[in-house]
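A short write-up of the structure that comes next.
Lettering of chains follows the sequences in order, A, B, ..., and the numbering in each one begins at 1.
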Protein chains: 2
Amino acid sequence: MDKRTQIINTALSAFYLRGIHAVGINEILKEAGVAKKTLYNHFVSKDELICACLELRDQRFNQWLYEQLENCNTPFEVAYALFSALSAWIDNKVSELGPFNGCFFINTAAEFPHSEHPIAMLCKAHKESVLQLLFDKLSHTEQLKGQLEKTIQLAQLLMTLKEGMICQARVTHSSNTLLQDPVLLRQLIASSI
Amino acid sequence: MDKRTQIINTALSAFYLRGIHAVGINEILKEAGVAKKTLYNHFVSKDELICACLELRDQRFNQWLYEQLENCNTPFEVAYALFSALSAWIDNKVSELGPFNGCFFINTAAEFPHSEHPIAMLCKAHKESVLQLLFDKLSHTEQLKGQLEKTIQLAQLLMTLKEGMICQARVTHSSNTLLQDPVLLRQLIASSI
DNA sequence: TCAGGGGTAGACCGACTTGTCTACATTTAG
DNA sequence: CTAAATGTAGACAAGTCGGTCTACCCCTGA
């Protein structure tokens with residue numbers, strides 16, 4: 001494996017599971033089996049390495065989510081697939097995303113409060129791309145064809161519920177089955193269409 | 001003002017706005033105008049100071065939320081008051097809670113991933129107490145009298161939406177007006193009762 | 001008057017931080 | 001075969017971290 005991707009993979013795993021400020025460069029080097037000089041040949045600073053990790057995670061997460069929603073043709077199917085997928089992730093049943101420790105982007109944003117910081121901006125960008133993915137999926141359903149306002153509203157609602165579900169699971173260390181109830185879900189969607 | 005509360009107030013403000021690992025003891029001392037010895041007379045370690053901050057924040061936040069929901073007698077009123085209050089907080093219109101920077105407990109939990117850590121446990125406890133507050137409010141409404149299951153479900157739903165709203169506002173640095181729409185809110189609640 | 005509690009300022013400790021640099025080894029390309 | 005690029009190991013710099021400790025000050029109550 002390429003040294004650069006080797007470093008990013010190791011760093012991403014450590015940053016995600018233990019927090020960014022809590023993980024030092026030396027630790028990553030040791031675990032990745034790479035010399036310090038090599039790391040600083042590929043990245044000018046720790047911040048740049050963090051950015052590379054965020055980009056990789058963004059790509060992986062979006063790819064995974066895209067696949068989970070692939071065969072959904074109604075708003076209900078999208079919502080049901082979304083929350084089922086999140087639930088599986090929370091329960092550590094998704095190997096692509098690794099052991100669950102909340103949303104990497106929310107966690108990271110919490111450590112970089114300044115909104116103009118490149119790292120904070122990548123976190124924001126990730127959320128926008130996920131919202132866009134949900135919007136695209138919903139706007140291609142028969143039920144929402146041409147209903148731009150309703151589509152935006154539902155995408156926003158699903159997004160908010162997604163974030164809430166992830167954060168609750170992260171803080172309480174337990175998964176919330178509420179949003180996997182098809183009856184409730186159908187009613188939620190109906191109320192928003 | 002008592003030295004101890006002076007330290008806690010300064011520390012809470014700094015920890016909340018800039019993250020815990022990002023704020024050093026010396027900084028707090030300087031800002032609070034207090035000697036290091038004094039701090040370590042009151043707290044055996046930084047961790048204990050963090051715990052004191054979490055407890056103060058928990059008390060303040062719950063007090064504030066309790067007041068916001070005081071005159072609500074229907075599930076709709078509870079939900080509407082909740083999201084209006086959160087929106088005001090996000091828009092920096094709530095002086096009791098200070099400048100908005102997301103949920104202190106979610107932010108802090110992100111920096112202390114180990115679930116058995118005292119700090120992580122306080123974060124979890126806060127979420128449980130807020131959920132309890134919502135449940136109590138809802139269970140005293142005419143519409144939900146005796147409907148334990150429905151009450152739990154709605155409290156959970158509101159809680160998830162609350163967390164989602166806060167996290168989204170924190171990461172995207174913008175407030176989401178979706179949940180302040182009374183029409184949508186009524187339908188959401190109707191769907192859950 | 002004087003003892004003691006609580007305060008201040010800040011030196012100091014050892015461990016850790018990011019990042020630079022030297023000295024050497026290995027791989028790759030012409 | 002040789003020269004350049006890329007790797008390694010790790011010492012080192014300069015600074016920060018949490019936490020301890022000394023030395024001194026000031027207020028209060030007996």
Side-chain angles (χ1 to χ4, degrees), chain A residues 1-56 107-108 110-114 117-120 122, chain B residues 1-56 104 107-114 116-120 122-123:
Chain A
M1 196 194 330
D2 176 53
K3 289 281 171 191
R4 186 188 159 92
T5 49
Q6 196 173 327
I7 294 170
I8 298 179
N9 275 322
T10 308
L12 173 54
S13 168
F15 286 152
Y16 175 54
L17 289 179
R18 294 167 34 220
I20 288 179
H21 289 317
V23 174
I25 288 287
N26 296 312
E27 230 168 306
I28 296 169
L29 298 176
K30 199 174 170 186
E31 204 176 329
V34 146
K36 199 176 265 197
K37 183 101 189 207
T38 307
L39 189 149
Y40 282 98
N41 275 347
H42 289 291
F43 308 95
V44 307
S45 66
K46 185 184 184 183
D47 274 17
E48 207 180 77
L49 172 59
I50 297 167
C51 287
C53 290
L54 287 167
E55 279 158 15
L56 177 60
N107 296 349
T108 301
E111 295 199 57
F112 293 84
H114 188 46
H117 195 293
I119 291 174
L122 281 178
Chain B
M1 197 195 325
D2 177 53
K3 289 281 170 191
R4 186 189 159 91
T5 49
Q6 195 173 329
I7 294 170
I8 299 179
N9 276 322
T10 308
L12 173 53
S13 167
F15 287 152
Y16 175 54
L17 290 180
R18 293 165 38 219
I20 289 180
H21 288 317
V23 174
I25 289 287
N26 296 312
E27 231 169 306
I28 296 169
L29 299 176
K30 198 174 171 186
E31 205 176 328
V34 145
K36 201 176 262 198
K37 183 96 189 212
T38 307
L39 190 150
Y40 282 98
N41 275 346
H42 289 292
F43 307 95
V44 307
S45 65
K46 185 186 185 183
D47 274 16
E48 207 179 78
L49 172 59
I50 297 167
C51 288
C53 290
L54 288 166
E55 279 159 15
L56 177 60
F104 184 46
N107 296 350
T108 301
E111 296 200 55
F112 293 84
H114 187 46
E116 273 88 37
H117 196 292
I119 291 174
L122 282 178
C123 294

[atom2] on [Y] to [atom1] on [X], rounded to 0.5 Å:
| X | Y | atom1 | atom2 | value |
| --- | --- | --- | --- | --- |
| Ile7(A) | Tyr40(A) | CD1 | OH | 10.5 Å |
| Leu122(A) | Ile50(A) | CG | CD1 | 10.5 Å |
| Phe43(B) | Ile8(B) | CZ | CD1 | 4.0 Å |
| Ile28(B) | Lys36(B) | CD1 | NZ | 11.0 Å |

Could you give the [atom1]-to-[atom2] distance, from [X] to [N], as a whole number of Å?
| X | N | atom1 | atom2 | answer |
| --- | --- | --- | --- | --- |
| Arg4(B) | dG7(C) | CZ | C1' | 16 Å |
| Lys36(B) | dT20(D) | NZ | P | 10 Å |
| Ile7(A) | dT6(D) | CD1 | P | 14 Å |
| Asp2(A) | dT6(D) | CG | P | 12 Å |

Q. Would one find a side-chain N or O of Lys3(A) under 4.0 angstrom from OP1 or OP2 of dT8(D)?
A. yes
Q) Which residues within residues 38-49 of chain B lie with some heavy atom under 4.0 Å of an atom in DNA chain C? A) Thr38(B), His42(B)
Q: Please answer whether the main-chain N or O of Gln6(B) pairs with a side-chain N or O of Thr10(B) as donor and acceptor at a distance below 3.5 Å.
A: yes
Q) Donor-acceptor pair, Glu111(A) side chain versus Glu111(B) backbone, under 3.5 Å? A) no
Q | DNA chain D contacts among residues 22-31 of chain A, heavy-atom distance under 4.0 Å | A | none
Q | Parallel, tilted or perpendicular, as decided by the 30° and 60° cut-offs, for the rings of His21(A) and Phe112(A) | A | tilted
Q | Residue pair Ile20(A) / Lys46(A): nearest heavy atoms and the distance that separates them | A | O-NZ, 3.3 Å
